[in-house]
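Worth knowing before you read on, the calculation uses all heavy atoms, side chains too, and leaves out hydrogens, waters and symmetry mates. For reference, positions follow the sequence shown, starting with 1.
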Amino acid sequence: MKRNVLLLLMSVMPVAGTLNAQNPFITDQFTADPTARVFEGKVYVYPSHDIPSPIERLKEWFCMADYHVFSSENLTDWTDHGVIVSQDNIPWVNPEGYSLWAPDCVERNGKYYFYFPAPVRDTIVGRGMMVGVAVADHPYGPFTPQPEPIKGTSGIDPCTLIDRDGQAYIYWAGFGGLLGARLSDDMLSLASEPVVISDLPASDAGLKEGPFVFERNGKYYFTFPWVKNKTTELLAYAMGDNPLGPFTMTGEIMDESPTGCWTNHHSIIEYRGQWYLFYHHNDLSPRFDKNRSVRIDSLSFNPDGTIRKVVPTLRGVGVTDARREIQLDRYSRLSARGASIDFIDTARTFAGWKTILEAEGAFVQYNGVDFGAAKPKTVTARVASASGGTLLVSLSGAKGRTIAELNVPGGGGWMDFGAALRDAPAGLHDITVSLKAKGPVEIDYIVFDR
């Protein structure tokens with residue numbers, strides 16, 4: 001029966017579907033612990049996959065039965081390649097575990113190695129959680145799990161690094177703290193005894209897990225989630241001159257969640273000359289922080305190599321095509337008075353959010369809209385208003401100008417309402433939608449030239 005429930009949960013997930021999102025950038029399922037990698041000129045993201053628990057034991061805890069992989073070339077349009085590994089096809093995993101936690105993937109010699117933690121079934125291969133590996137010829141699979149976990153890797157949250165000299169390393173969180181070891185050339189076993197990564201905050205300062213290690217300009221960054229104040233996780237980092245340390249505790253990358261999401265887990269990559277931080281929050285499940293959603297924001301460095309703290313955004317990254325739905329609720333700026341965001345349907349959070357403008361002059365600004373070379377002729381808004389109201393669509397900034405006025409009729413139900421554009425723009429612009437009169441008006445999205 002439990003297996004049938006799991007298969008039903010998996011069957012409703014898309015395969016090779018296309019998503020268009022900001023933060024969170026996956027909005028049709030729960031995702032967490034995103035490890036991003038650049039393969040074949042694209043960004044691939046390997047998250048864990050939170051699901052509503054089909055067993056009573058995990059109703060109030062993390063529940064994960066499989067892994068998806070997502071890819072994008074522009075960090076705006078994401079393709080879901082479907083399930084790549086599930087607990088049903090890993091020979092050594094406890095089939096009642098539902099604990100496929102934070103993974104990683106790395107390419108070597110034309111093969112892709114997917115590392116993941118999972119609970120071991122009651123056999124002689126090990127106890128508790130261990131790290132396994134699945135191998136594929138492509139970054140999106142199909143992946144074949146190895147028959148046993150990697151000996152010596154009791155713990156969770158694996159991360160891999162291939163150094164400039166070709167030596168591969170693996171890191172994970174274990175009973176002894178955060179650990180690291182060299183990987184064998186076959187990428188399937190350890191080539192050295194694990195060492196504890198020392199010189200990090202003492203264990204009595206709070207939980208540390210989820211290591212992610214990368215190299216930049218000859219420096220190694222050992223980054224990790226840290227419950228510094230015994231409440232929720234922030235993201236911190238240490239720096240060193242060697243892959244296994246010693247490392248010097250250096251700073252913090254992201255503060256604790258302002259809304260109390262207990263966990264955070266991350267990865268950091270450079271793509272087309274820009275660095276990015278991938279992390280998670282509980283956007284789509286505000287009342288239950290064990291169902292999380294993955295996000296992206298830009299990351300940058302100081303001249304001395306230290307990391308500038310990242311402030312989370314809803315807008316995220318990437319450019320939005322003006323001729324596709326622009327979700328204003330993933331805003332760049334929101335007026336302090338008379339503007340708010342809420343779910344379209346609180347019982348179905350995957351339906352997304354709406355922007356509510358209810359005071360004259362209230363506005364929402366959305367940056368990075370590409371109008372292209374051909375100037376659009378119309379704008380259409382998906383809106384709802386009981387009393388009606390007038391919306392202005394403007395270009396933001398010092399040279400901004402109003403390009404459309406929408407006189408939204410009353411009635412209360414959702415409707416598509418359009419208007420002609422005047423002095424329409426071309427190229428890349430930031431846009432603002434504001435309430436000129438009456439209201440309130442609720443906005444699902446706007447789109448140009450529908």
Side-chain angles (χ1 to χ4, degrees), residues 21-34 45 47-53 58-64 101-102 206-210 223-236 252-268 276-299 308-317 327-358 362 364-366 442-444:
Q22 294 81 44
N23 275 342
F25 64 93
I26 305 300
T27 55
D28 65 349
Q29 58 191 276
F30 295 119
T31 48
D33 312 318
V45 175
S48 54
H49 180 198
D50 294 333
I51 60 172
S53 178
L58 298 176
K59 290 292 187 184
E60 301 299 323
W61 193 241
F62 304 104
C63 184
M64 306 157 177
W101 291 0
L207 172 71
K208 297 181 293 296
E209 57 180 353
T223 72
F224 55 95
W226 176 26
V227 184
K228 179 180 179 181
N229 298 312
K230 300 184 184 295
T231 52
T232 58
E233 290 182 336
L234 57 79
L235 300 180
E252 298 170 6
I253 303 170
M254 179 175 282
D255 290 334
E256 296 96 334
S257 161
T259 60
C261 181
W262 174 42
T263 64
N264 200 349
H265 191 113
H266 69 295
S267 59
I268 296 171
Y276 296 99
L277 174 69
F278 290 72
Y279 62 104
H280 71 231
H281 193 59
N282 61 322
D283 297 90
L284 290 165
S285 179
R287 290 181 293 276
F288 183 57
D289 65 357
K290 310 304 183 292
N291 287 341
R292 297 150 299 173
S293 300
V294 290
R295 290 177 165 196
I296 322 170
D297 275 300
S298 296
L299 178 142
R308 295 190 179 105
K309 187 174 285 187
V310 177
V311 177
T313 75
L314 294 178
R315 176 60 183 88
V317 300
Q327 304 292 339
L328 299 173
D329 47 78
R330 307 297 87 191
Y331 59 85
S332 303
R333 288 180 61 211
L334 192 69
S335 61
R337 187 181 69 88
S340 60
I341 306 298
D342 199 0
F343 286 108
I344 291 174
D345 183 345
T346 55
R348 298 185 307 112
T349 59
F350 288 158
W353 297 267
K354 60 187 176 183
T355 304
I356 306 168
L357 301 180
E358 52 189 338
V364 57
Q365 179 176 320
Y366 186 101
E442 299 181 352
I443 310 166
D444 183 1

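- Heavy atoms only, all atoms of each residue included: Thr223 and Ile268 are closest at CG2-CD1, 4.3 Å.
- Using a 4.5 Å heavy-atom cutoff, the side chains of Lys354 and Asp342 are in contact.
- Put simply, CZ on Arg295 and CZ on Arg330 are 7.5 Å apart, with the number rounded to the nearest 0.5 Å.
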For a side-chain contact (heavy atoms from CB on, under 4.5 Å) check, start with the C-alpha distance between Thr27 and Asp283, then their side-chain angles and the critical distance, and finish with the verdict. CA-CA 9 Å; Thr27 55; Asp283 297 90; over 6 Å; no

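- Considering only heavy atoms from C-beta on, Leu235 comes within 4.5 Å of Pro225 through its side chain.
- His281 places a side-chain heavy atom less than 4.5 Å from the side chain of Thr259.
- Among all heavy-atom pairs drawn from Ser293 and Pro24, the shortest one is CB-CB, 3.5 Å.
- Between Phe278 and Tyr276, the ring planes are perpendicular. Angles over 60° get that label, and only those under 30° would be called parallel.
- Pairing each heavy atom of Gly338 with each of Ala362, the nearest pair is O-CB, 3.2 Å.
- Distance check: Asn264 CG to His266 NE2 gives 8.0 Å after rounding to the nearest 0.5 Å.
- Listed by chain and residue number, Phe30 satisfy the ring pair (Phe, Tyr, Trp, His ring centres under 6.0 Å) test with Phe350 (two or more places apart in sequence, or in another chain).
- Taking each heavy atom of Pro47 and Val294 in turn, the nearest pair found is CB-CG1, 4.2 Å.
- Around the CZ atom of Arg333, the shell of radius 6.0 Å holds no more than 12 heavy atoms that belong to other residues, nucleotides or ligands.
- Under the side chain to side chain contact (heavy atoms under 4.5 Å, CB included) criterion, Val310 pairs with Ile253, Met254, Leu277, Asp297, Leu299, sequence neighbours left out.
- Atom CH2 of Trp353 is separated from atom CG of Asp444 by 11.5 Å, given to the nearest 0.5 angstrom.
- Summarising the geometry of Leu284 relative to Pro286, their closest heavy-atom pair is C-CD, 3.6 Å, with the distance given to 0.1 Å.
- Side-chain atoms of Phe343 and Arg348, non-hydrogen and from C-beta on, never get closer than 4.5 Å to each other.
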In sequence, state the C-alpha distance, the side-chain angles, and the governing distance for Glu252 and Lys309, and then conclude on salt bridge (Lys or Arg N to Asp or Glu O under 4.0 Å). CA-CA 7 Å; Glu252 298 170 6; Lys309 187 174 285 187; 3.8 Å; yes

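- Looking at Asn282 and Phe288, their side chains never come closer than 4.5 Å, going by heavy atoms from C-beta outward.
- In this structure, Ile341 and Tyr331 have side chains that are in contact, with non-hydrogen atoms separated by less than 4.5 Å.
- The CD1 atom of Ile356 sits 10.5 Å away from atom CG of Asp329, with the distance rounded to the nearest 0.5 Å.
- Without hydrogens or angle criteria, Thr349 side chain to Ser285 main chain gives no donor-acceptor distance under 3.5 Å.
- Taking CE of Met64 as the reference point, atom OG of Ser53 lies at 11.5 Å (rounded to 0.5 Å).
- Contact of the Glu233 side chain with the Glu209 side chain is registered, since non-hydrogen atoms from C-beta on lie closer than 4.5 Å.
- Going from atom OG of Ser48 over to atom CZ of Arg292 covers 5.5 Å, rounded to the nearest 0.5 Å.
- Not counting sequence neighbours, the partners of Glu256 by the side-chain hydrogen bond (donor to acceptor under 3.5 Å, both in side chains) test are Asn229.
- A 4.5 Å side-chain heavy-atom check between Leu357 and Ile443 finds at least one atom pair inside the cut-off.
- In summary, of the residues considered (Asp50, Asp289, Thr31, Thr263), a side-chain hydrogen bond (donor to acceptor under 3.5 Å, both in side chains) with His280 occurs for Thr263 alone.
- Taking all atoms of both residues into account, the shortest heavy-atom contact from Pro34 to Val45 is CB-CG1, 3.8 Å.
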